[in-house]
2 protein chains.
Amino acid sequence: MATIMDVAKLSGLSKTTVSRVINNHAYVSEEKRTLVLKAMEELDYYPNPAARRLRGQLTTTIGVVVPKIINPFFAYLVDAIEQAAYKNGYQVMIFQSNEDRTKELSFLNLLKTKQVDGIIMTAIENDWKAVEPFTKYGPIVLCNEYINEPTVPIVRLDQFKGTYLGIKHLIEKGHRKIAYCTGGLFAEEGKDKDRNRGYQKAMGEAGITVNPNWIFVDRHTIEDGKHVLKNVLEMDDRPTAVFTGSDEIAAGMIAEANEQGIDIPGDIAIIGFDDQPLAELISPKLTTVRQPVDQMGEKAAEVIINRLHDENAEICHYELPIEVIVRQST
Amino acid sequence: MATIMDVAKLSGLSKTTVSRVINNHAYVSEEKRTLVLKAMEELDYYPNPAARRLRGQLTTTIGVVVPKIINPFFAYLVDAIEQAAYKNGYQVMIFQSNEDRTKELSFLNLLKTKQVDGIIMTAIENDWKAVEPFTKYGPIVLCNEYINEPTVPIVRLDQFKGTYLGIKHLIEKGHRKIAYCTGGLFAEEGKDKDRNRGYQKAMGEAGITVNPNWIFVDRHTIEDGKHVLKNVLEMDDRPTAVFTGSDEIAAGMIAEANEQGIDIPGDIAIIGFDDQPLAELISPKLTTVRQPVDQMGEKAAEVIINRLHDENAEICHYELPIEVIVRQST
DNA sequence: CTCGCGTGTGGTATCGATTCCATAAAGGGT
DNA sequence: ACCCTTTATGGAATCGATACCACACGCGAG
């Protein structure tokens with residue numbers, strides 16, 4: 001491993017001058033600059049990031065914290081962030097918190113020691129109170145996750161509208177007995193609350209009262225979807241449509257319905273959330289609320305890089321549009 | 001950010017002693033040790049990794065390079081590695097190469113500067129000749145990818161057997177006109193070659209000659225699957241079964257078949273590879289060759305951590321078993 | 001002719017850890 | 001009583017970069 005000293009020796013100059021060339025400082029003659037560049041080339045030299053970090057330098061690395069990488073939603077989100085960051089010369093490190101608060105905090109600690117220059121959080125397990133202190137070490141951007149906190153940049157989707165449109169679509173299809181099956185709790189803050197509001201509003205506008213038996217919370221997986229459908233089928237008074245919080249849950253329900261010979265959407269209509277590739281593969285094809293993950297990831301990368309370049313960049317909240325993709329399950 | 005100096009001051013001892021405590025060195029009195037530990041606790045101190053790295057220390061971080069994180073196969077693999085590493089006190093950094101040789105090399109460079117202590121590669125874009133020089137900076141373990149090189153630890157699946165069993169299953173179902181649709185090229189080294197050998201062997205044993213028109217290479221995506229099925233359907237002499245190299249391709253084919261009203265497996269049987277959750281969600285449910293990703297990831301983590309603890313640990317190649325999961329598509 | 005400023009270059013302290021070396025007290029063997 | 005080893009601790013150099021400060025040169029203004 002060539003060091004800055006090797007470059008200095010080979011070019012017959014001092015470390016200082018070499019460092020100036022590396023960091024594009026003023027006051028270096030064109031002559032020496034080319035000399036240094038040649039030496040760097042020859043030695044296949046590039047600066048040791050550990051040393052730079054120790055000096056508190058930026059290193060064009062941004063961290064992305066995801067809860068679970070096996071969740072395709074996050075995989076696509078990370079991919080979008082990665083692509084956008086790479087275009088701007090930034091490297092991305094992906095960290096999986098596994099929904100573990102301690103792990104999440106340990107990732108945030110990377111900011112303190114400049115392991116990463118900034119962090120994009122695609123979910124937030126700890127209270128914002130616990131996360132906030134880290135913002136003084138580098139920019140933190142929330143992406144997809146939503147909290148009521150104007151001091152942090154947030155890129156998110158209009159979950160309220162997404163849910164509202166989804167429910168409205170079901171109502172337009174003639175459904176009035178609409179179940180609601182989501183991750184998160186019904187009373188929670190942020191993203192889930194917005195979704196709940198969307199559900200309530202759409203139902204309210206149609207003059208439908210919500211049946212609490214048809215509310216399922218904290219459901220996330222394919223298995224959850226299967227169970228919920230079983231439950232629903234056993235009800236005396238059963239809903240004719242189910243709004244779900246993710247394509248996984250919806251796919252689980254459809255798989256179970258196919259298993260039991262239930263007709264979708266004839267016997268029961270199902271709408272998903274995300275628009276994953278999966279949605280087009282199952283039969284019937286899944287009607288779903290499309291989340292523009294790519295745009296969201298791209299925007300998040302853009303926002304954090306802006307803040308990296310300009311510490312005082314304005315703190316904005318971005319809300320991206322969301323739409324219903326109608327296929328065959330409703 | 002508390003530094004080692006702060007801890008030294010607070011405990012009334014020298015940096016040296018503090019460092020000794022941190023690194024569990026001998027010759028520290030129990031009395032001072034507790035003093036130091038208390039100070040560390042009080043200051044919420046933990047060593048700056050950048051400084052440690054600069055001194056060439058290990059930092060319990062392993063890097064995992066994947067080609068595409070949106071590929072569920074790799075997402076699950078990474079997840080398995082992450083879990084296993086975390087249990088052993090190791091942190092995992094995920095890097096996406098996007099099948100870009102330059103990017104892959106830039107990740108390997110992290111080894112040089114001790115950004116990561118070791119690297120697990122789940123794919124290899126460059127020639128081994130280009131990768132090999134990096135092994136002197138830290139352990140590199142190949143996971144899933146297979147090359148003919150005894151100097152590097154490899155954890156992989158028995159692709160040969162997997163394919164052989166898959167084809168054999170089709171033959172047992174009475175098929176003799178079997179198409180083969182895979183990623184990779186037909187003549188390539190490593191993983192793909194093994195699969196090809198498996199196909200050839202199973203066909204050979206049944207006395208079937210391979211029809212070159214039924215060989216599709218370099219197919220990876222859902223879209224590819226749709227196209228291949230279209231092609232197949234237009235053939236005068238069409239195969240009655242298709243062996244595919246991934247569940248995505250297979251799912252794409254089945255989606256297209258459903259679209260066109262083709263009966264699976266009646267008109268054409270399809271077998272996948274991987275056994276992703278997807279396989280159980282589509283209808284008909286996908287018969288597929290199950291790759292034990294979890295085991296593979298776990299093993300890879302174990303192998304690299306072993307080598308991290310003991311530089312001279314034996315270099316082994318592990319081959320994990322693989323089996324056919326029969327569902328409805330064959 | 002000198003002062004001051006814009007340019008160009010190098011010496012050296014610094015970041016936060018580890019580690020070699022020096023020092024010193026305690027204990028054991030002869 | 002003396003030497004040697006074991007145990008315990010601190011001082012200072014070191015890793016590879018950056019950045020402050022000092023210095024030197026050339027040139028136009030006063």
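So you know, we letter chains A, B, ... as the sequences are listed, proteins then strands, and number each from 1.
The CG-P distance, from B/Leu54 to C/dA17, rounds to 12 Å in whole Å. Straight-line distance from the OH atom of A/Tyr27 to the P atom of D/dA19: 16 Å, rounded to whole Å. The interatomic distance linking A/Leu43 (CG) with D/dA17 (P) rounds to 11 Å, in whole Å. Look at OH on A/Tyr46: it is 10 Å from P on D/dA17, rounded to the nearest Å. Rounded to a whole Å, the CE atom of B/Met40 is 10 Å from the P atom of C/dA17. Computed from coordinates, the A/Lys32 NZ to C/dT7 P distance equals 18 Å when rounded to whole Å. As rounded to whole Å, 7 Å separates atom C1' of C/dG16 from atom OH of B/Tyr45. Rounded to an integer number of Å, the gap from A/Gln115 CD to C/dG16 P is 14 Å.
Using a 4.0 Å cut-off, some side-chain N or O of A/Ser19 falls inside it from OP1 or OP2 of D/dT18. Phosphate contact (OP1/OP2 of D/dT9, side-chain N/O of B/Ser14, threshold under 4.0 Å): absent. Taking only side-chain nitrogens and oxygens, A/Thr16 never comes nearer than 4.0 Å to OP1 or OP2 of C/dG10. Considering only side-chain N and O atoms, A/Arg52 lies under 4.0 angstrom from the phosphate OP1 or OP2 of D/dT18. Residue B/Arg20 places none of its side-chain N or O atoms closer than 4.0 Å to OP1 or OP2 of D/dA8. Taking 4.0 angstrom as the limit, B/Gln57 places a side-chain polar atom (N or O) nearer than this to OP1 or OP2 of C/dT19. Between A/Asn23 and D/dT18 there is a side-chain polar atom (N or O) within less than 4.0 angstrom of OP1 or OP2. B/Ser29 has a side-chain polar atom (N or O) that falls below the 4.0 Å cut-off from OP1 or OP2 of D/dT9.
Between the side chain of A/Asn98 and the main chain of A/Asp100, no donor-acceptor pair closer than 3.5 Å is present.
Two residues are said to be in side-chain contact when any heavy atoms from C-beta on lie closer than 4.5 Å; A/Leu10 and A/Leu43 meet this criterion.
Summary of the strand contacts: B/Lys15 and A/Val28 both lie near DNA chain C, and taking for each the nucleotide with the nearest heavy atom, the more 5' one is attributed to A/Val28.
In the model, A/Ser14 has a side-chain atom that pairs as donor or acceptor with a side-chain atom of A/Thr17 under 3.5 Å. One side chain, A/Asn109 or B/Tyr46, offers a donor N or O that lies under 3.5 Å from an acceptor on the other. If you check the side chains of B/Arg53 and B/Asn48, you find no donor sitting under 3.5 Å from an acceptor.
Among the nucleotides D/dG16, C/dG16, C/dG10, the one closest to any side-chain atom of A/Ala51 is D/dG16. Minimum atom distance to the side chain of B/Asn48 is reached by C/dA17, of the listed C/dG10, C/dA17, D/dT18.
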